[in-house]
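As a basis for the values below, the full set of heavy atoms in this structure was taken, side chains included, without hydrogen atoms, waters or symmetry mates. Note that the numbering runs from 1 along the sequence shown for the chain. Computed from a predicted structure; not experimentally measured.
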Amino acid sequence: MPPLPDDPGPATEMYRHRADTLADDRGDGPALVLSHGTLMDRTMFRPQMDALADDYRVVAYDNRARTDNWQGPYDLDDLTDDCRTLLDALDIDSCVLGGMSMGGFMALRFALRYPEVLDGLVLVDSMAQPHPGEDRERYGGMVDRAKESEELPPDLAEVVAHILFGPTTNEEHPELVDSWKNRWLTYPGEAVHDEVHSWLDRPGVADRLDEIDVPTLVVHGAEDLSIDPEYGASMADGLPDARFVEVPEAGHSSNVENPTVVNDALREFMAEVY
């Protein structure tokens, strides 16, 4: 039996005893498990679930920040244990694990900690390096303000919309951007603060990429203003068995902004893994 987290706390145990309320689980066959990014939730993967659930078991789940156990502090190791516990609760012996941004930071660490249950990786708009100092200062200031305001201020949501979505999406699909902004305005400011601080000062894992010996798909929005596509390309270069797909007309949320390209890449990748 692959290892499970030692002495899990209530937030991790939530993923064992409330898995059916925290995850969308559709389809049969080999499993694709998807972990969302900061400020997002499991519904960001609906385009992938709709496209792939006829052939695979597709699971998308909410991370702690979108649950009643949003309180920190917690870190990427805790989120890794949450994911491992969820797999056990859903009787998933092995899977392709996909993560967007923060979900990708977690997925890399999952690959290093729990390789026995991993068939492949999908990394969406993510990176192996730590964030540069200027980004840490900028994002830290933003979430400190959110915490002080008790909720995400509307003007801050507007700024975030241009970080998480590319120029093409903001210009041509404002209804998509607005739907997410309206969600963000309902989040407790402290939940956003703790979510960002779970990864903001993380050490990088770029020097350990050669240990992750599973097939990996790296997809990255060409218009990503949060994590430059070069970070994704260099991560793919450092992994033993990875391919890089740049997604046109998409920013940091490329699987939502241009799902056709991402779904085509995913479908081809899953067919090769399984």
*Kindly state each residue pair satisfying ring pair (Phe, Tyr, Trp, His ring centres under 6.0 Å) with at least one member in residues 192-221, sequence neighbours excluded.*
Phe105-Trp199, His131-Trp199, His193-His197
*Heavy-atom donor-acceptor pair, Glu257 side chain to Gly251 backbone, under 3.5 Å*: yes
*Thr216 (side chain) donor-acceptor with Val214 (main chain) under 3.5 angstrom*: yes
*asked:* For Asp62 and Arg42: C-alpha separation, side-chain torsions, deciding distance, then whether salt bridge (charged side-chain N to carboxylate O under 4.0 Å, His left out) applies.
replied: CA-CA 5 Å; Asp62 283 335; Arg42 70 195 194 209; 3.5 Å; yes
*asked:* Under 3.5 Å, is there a donor on one side chain and an acceptor on the other for Tyr274 and Asp119?
replied: yes
*salt bridge (charged side-chain N to carboxylate O under 4.0 Å, His left out) between Arg183 and Asp178, intermediate numbers included*: CA-CA 9 Å; Arg183 293 189 190 204; Asp178 287 344; over 6 Å; no
*Indicate whether the side chain of Glu223 and that of Thr168 have a donor and an acceptor atom separated by less than 3.5 Å.*
yes
*asked:* Looking at every non-hydrogen atom in both residues, tell me the closest pair between Gln129 and Ser234 and how far apart they are.
replied: NE2-OG, 3.5 Å
*Backbone N or O of Gly9 within a donor-acceptor pair of the Thr12 side chain at under 3.5 Å?*
no
_Treating Ser179 as the side-chain partner and Leu176 as the backbone partner, does any N or O pair qualify as donor plus acceptor under 3.5 Å?_
yes
*asked:* Does any part of the side chain of Tyr15, heavy atoms only, come nearer than 4.5 Å to the side chain of Arg84, both counted from C-beta?
replied: no
_Pair Ser198, Asp78: side-chain N/O donor-acceptor within cut-off below 3.5 Å_ = no
*Going through the checks in order, is the side-chain contact (heavy atoms from CB on, under 4.5 Å) test met by Val59 and Leu34?*
CA-CA 6 Å; Val59 176; Leu34 300 167; over 6 Å; no
*asked:* Under a 3.5 Å distance rule, please check whether Asn69 uses its side chain to pair with a backbone N or O of Ala11 as donor and acceptor.
replied: no
*Kindly determine whether Asp77 and Arg109 satisfy salt bridge (charged side-chain N to carboxylate O under 4.0 Å, His left out), including the steps that lead there.*
CA-CA 7 Å; Asp77 288 337; Arg109 287 154 178 82; 5.4 Å; no
*Does some side-chain heavy atom of Tyr61 sit less than 4.5 Å from a side-chain heavy atom of Cys83?*
yes
*asked:* Any non-hydrogen side-chain atom of Val177 less than 4.5 Å from a side-chain atom of Pro174?
replied: no
*What's the verdict on salt bridge (charged side-chain N to carboxylate O under 4.0 Å, His left out) for Asp264 and Arg267, showing C-alpha distance, side-chain angles and the deciding distance?*
CA-CA 5 Å; Asp264 287 347; Arg267 192 176 291 108; 3.3 Å; yes
Show the atom names and distances, to 0.1 Å, of all donor-acceptor pairs under 3.5 Å that link a side chain in residues 239-248 to residues at least two apart or in another chain.
from   : atom 1 : to     : atom 2 : distance (Å)
Arg243 : NH2    : Glu272 : OE1    : 2.1
Arg243 : NH2    : Glu272 : OE2    : 3.3

*Mark yes or no for whether Asn170, through its side chain, and Gly166, through its backbone, hold a donor-acceptor pair below 3.5 Å.*
yes
_Check: Asp228 side chain, Tyr231 main-chain N or O, donor-acceptor pair, under 3.5 Å_ = no
*Heavy-atom check, side chain of Phe269 versus side chain of Val96, under 4.5 Å*: yes
_Hydrogens and angles aside, do His252 and Asp125 bring a side-chain donor and acceptor to less than 3.5 Å of each other?_
no
*Just by distance, with hydrogens left out, do Gln48 and Asn255 show a side-chain donor and acceptor under 3.5 Å apart?*
yes
_Can a donor-acceptor pair be found, under 3.5 Å and without considering hydrogens, that links the side chain of Asp81 to the backbone of Pro8?_
no
*Taking every non-hydrogen atom, the tightest pair across Met44 and Gly37*: SD-N, 4.0 Å
*Between the side chain of Arg46 and the main-chain N/O of Val256, is any donor-acceptor distance below 3.5 Å?*
no
*Of all residues at least two apart in sequence or in a different chain, which pass the salt bridge (charged side-chain N to carboxylate O under 4.0 Å, His left out) check with Asp155?*
Arg145
*Could you tell me whether a side-chain N or O of Asn263 sits under 3.5 Å from a main-chain N or O of Pro47, the two making a donor and an acceptor?*
yes
*Do any pairs count as a ring pair (Phe, Tyr, Trp, His ring centres under 6.0 Å) and have a residue in residues 27-55, sequence neighbours left out, and if so which ones?*
none
*asked:* If the condition is ring-ring contact (aromatic ring centres under 6.0 Å, His included), which residues does Tyr56 pass it with, not counting sequence neighbours?
replied: none
_Ignoring hydrogens, what is the shortest heavy-atom contact between Ala65 and Trp70? Give both atom names and the distance._
O-CB, 3.8 Å
*How would you list, by chain and number, every residue that makes a salt bridge (charged side-chain N to carboxylate O under 4.0 Å, His left out) with Asp55, sequence neighbours excluded?*
none
*Same cluster or not: are Val159 and Leu164 linked, directly or through other Ile, Leu, Val, Met, Phe, Trp or Tyr residues, by side-chain heavy atoms under 4.5 angstrom apart?*
yes
*Does some side-chain heavy atom of Met100 sit less than 4.5 Å from a side-chain heavy atom of Thr38?*
no
